[in-house]
Amino acid sequence: MPDDTLLPTRRTILGGTAALSTAALSTAALTALLPAGGAAAQAPAPAARRSRLILLGTAGGPTPKPNRAAPAQAIVVDGHTYLVDAGNGTGRQMVLAKLKLGSLDSVFLTHQHSDHNADYGNVLLLAWATDLAHRVNTYGPPPLVRMTRQFLDLNDYDIKTRMADEGRPPLADLIVPHEITGPGEVMRDERVGVTAALVQHPPVEPAFAFRFDCPDRSIVISGDTRYSPNLIALAKGADILVHEVMYLPELDKLIATEPNAKTLREHLIASHTTAEEVGRVATEAGVKTLVLSHFVPGGYPFIKDEVWLDAVRPHFKGEIVVGRDLMEL
């Protein structure tokens, strides 16, 4: 495998334009939460308010991969970083992407699987140990509040030592977790509005996709999911859809390396989206650009970009980007 597989292959600049509830919304109701007319109806934003989407990690699954980092995405608006998922190594990936850890504004977890939450606490601790001195709101499914408290307890000695020795503020005062259990608007500030949809990633419940309506465009992150009508409704007219993808022809090579092959195969088939289905989702949602990420298989066997592209292309005629770690769009 060539060394350049570890680096982003391109920088693409694209133009264009939950509620805390346990009740599921219908597709029509969810669509009604989105801005009228979709992203295309938004007025062009000043250049200074251009959003940045950075793929910090594009692997799928909990085991470390030689060619892709664990799942994480950063959406940056006006110097504020909105982090979606925080797999192992997210803090270092932010540094490699030249993002200040102290720029963290909010953290969103799509679901409670270790490849998406392993560094939830660590990225906040490392940011605090660097230059974070303001409040960070975090959003995700239960048990987010308990996770936050237990992480602070786990690192109590280090935190108290640095407070006394380095004059840092109490970390517990800077992290404000918000548990979300149903679809709807999650948060809104002067830069972005964030809406969640319930997706299906059995046996993990709840699992969410998130839509970010930024000043210049709309970006949807699928999270982990099988083919999902709720996700299609959430992504209607979006400028960018970042979607997980599974390539079935190579799946058995991945499975062959695992001792629990039969059970793992059943889980992957039941809870992830095939390349063909990803194309259908993007087409039915009418998105402008489809970004492939969270690749399964994502390490071994190594699959060339053109294989992923060829698998999706017959099912989606818009722009397709095969994601790489640290790629910016």
Candidate pair Ile175 and Val136, rule side-chain contact (heavy atoms from CB on, under 4.5 Å), full reasoning
CA-CA 5 Å; Ile175 306 173; Val136 176; 5.6 Å; no
If you draw the axis of the six-membered ring of Phe316, does the NZ or CZ of Arg280 fall within 45° of it and under 6.0 Å from the ring centre?
no
Distance from [X] atom [atom1] to [Y] atom [atom2], nearest 0.5 Å?
{"X": "Asn122", "Y": "Asn88", "atom1": "CG", "atom2": "CG", "answer": "8.0 Å"}
{"X": "Thr58", "Y": "Gln73", "atom1": "OG1", "atom2": "CD", "answer": "9.0 Å"}
{"X": "Ser271", "Y": "Arg226", "atom1": "OG", "atom2": "CZ", "answer": "8.0 Å"}
{"X": "Asn67", "Y": "Asp325", "atom1": "CG", "atom2": "CG", "answer": "8.0 Å"}
{"X": "Glu328", "Y": "Leu99", "atom1": "CD", "atom2": "CG", "answer": "8.0 Å"}
{"X": "Leu124", "Y": "Thr148", "atom1": "CG", "atom2": "OG1", "answer": "8.0 Å"}

[X] versus [Y], closest heavy-atom pair with distance:
{"X": "Tyr227", "Y": "Thr273", "value": "N-OG1, 3.6 Å"}
{"X": "Ile54", "Y": "Ala97", "value": "CG2-CB, 4.0 Å"}
{"X": "Ser218", "Y": "Gly237", "value": "OG-O, 4.2 Å"}
{"X": "Tyr139", "Y": "Asn137", "value": "OH-CB, 3.5 Å"}
{"X": "Ala129", "Y": "Arg168", "value": "O-NH2, 3.0 Å"}
{"X": "Ala209", "Y": "Val199", "value": "CB-CG1, 3.9 Å"}

Decide yes or no on side-chain hydrogen bond (donor to acceptor under 3.5 Å, both in side chains) for Thr274 and Glu277, but give the supporting numbers first.
CA-CA 5 Å; Thr274 66; Glu277 290 171 330; 3.3 Å; yes
Please determine whether side-chain contact (heavy atoms from CB on, under 4.5 Å) holds for the pair Leu231 and His243, giving the CA-CA distance in whole Å, both sets of side-chain angles, and the decisive distance to 0.1 Å.
CA-CA 10 Å; Leu231 173 59; His243 203 299; 3.3 Å; yes
With a 4.5 Å cut-off on side-chain heavy atoms, are [Y] and [X] touching?
{"X": "Leu329", "Y": "Val321", "value": "yes"}
{"X": "Val77", "Y": "Pro215", "value": "yes"}
{"X": "Leu251", "Y": "Ile269", "value": "yes"}
{"X": "Leu152", "Y": "Leu171", "value": "yes"}
{"X": "Leu109", "Y": "Phe210", "value": "no"}
{"X": "Val123", "Y": "Met94", "value": "yes"}
{"X": "Val296", "Y": "Val245", "value": "no"}
{"X": "Ile219", "Y": "Asp239", "value": "no"}

Between [X] (side chain only) and [Y] (backbone N and O only), is there a donor and an acceptor less than 3.5 Å apart?
{"X": "Arg191", "Y": "Cys214", "result": "no"}
{"X": "Lys236", "Y": "Glu284", "result": "yes"}
{"X": "His315", "Y": "Thr283", "result": "no"}
{"X": "Asn230", "Y": "Ala197", "result": "no"}
{"X": "Asp119", "Y": "Gly89", "result": "yes"}
{"X": "Asp78", "Y": "His80", "result": "no"}
{"X": "Asp105", "Y": "Thr81", "result": "no"}
{"X": "Trp308", "Y": "Phe295", "result": "no"}
{"X": "Glu179", "Y": "Leu144", "result": "yes"}
{"X": "Asn155", "Y": "Phe151", "result": "yes"}

Electrostatic pair Arg135:Asp173 at N-O distance under 4.0 angstrom:
no
Is any side-chain N of the basic residue among Asp153 and Arg149 closer than 4.0 Å to the acidic one's carboxylate O?
no
Distance alone, cut at 3.5 Å: any donor-acceptor contact between the side chains of [X] and [Y]?
{"X": "Thr195", "Y": "Arg211", "result": "no"}
{"X": "Ser51", "Y": "Arg217", "result": "yes"}
{"X": "Thr138", "Y": "Tyr120", "result": "yes"}
{"X": "Tyr247", "Y": "Glu276", "result": "no"}

Surrounding [atom1] of [X] (heavy atoms of other residues, nucleotides or ligands, distance under 6.0 Å), is the total greater than 12?
{"X": "Lys98", "atom1": "NZ", "value": "no"}
{"X": "Arg313", "atom1": "CZ", "value": "yes"}
{"X": "Glu205", "atom1": "CD", "value": "no"}

Please list, chain by chain and in numerical order, all residues satisfying side chain to side chain contact (heavy atoms under 4.5 Å, CB included) with Ser114, sequence neighbours excluded.
Pro62, Asn117
Do [X] and [Y] sit in one hydrophobic cluster, given that two such residues count as connected whenever their side-chain heavy atoms are within less than 4.5 Å of each other, even indirectly?
{"X": "Leu292", "Y": "Leu309", "answer": "yes"}
{"X": "Val307", "Y": "Val322", "answer": "yes"}
{"X": "Leu174", "Y": "Met163", "answer": "yes"}

Test Ile159 against Leu125 for side-chain contact (heavy atoms from CB on, under 4.5 Å), laying out the working first.
CA-CA 8 Å; Ile159 292 168; Leu125 177 69; 4.0 Å; yes
Would Lys288 and Glu319 satisfy salt bridge (Lys or Arg N to Asp or Glu O under 4.0 Å), going step by step from the backbone distance to the final call?
CA-CA 7 Å; Lys288 295 177 181 175; Glu319 180 174 8; over 6 Å; no
Trace of the salt bridge (Lys or Arg N to Asp or Glu O under 4.0 Å) decision for Asp305 with Arg324
CA-CA 9 Å; Asp305 287 1; Arg324 294 284 188 98; 2.9 Å; yes
Using the test side-chain hydrogen bond (donor to acceptor under 3.5 Å, both in side chains), find all partners of His116 that sit at least two apart in sequence or belong to another chain.
Asp85, Asp224, His294
Are Phe212 and Phe108 close enough that their ring centres sit under 6.0 Å apart?
yes
Leu83 and Thr90: side-chain contact (heavy atoms from CB on, under 4.5 Å), yes or no, with the steps?
CA-CA 10 Å; Leu83 181 67; Thr90 294; 4.0 Å; yes
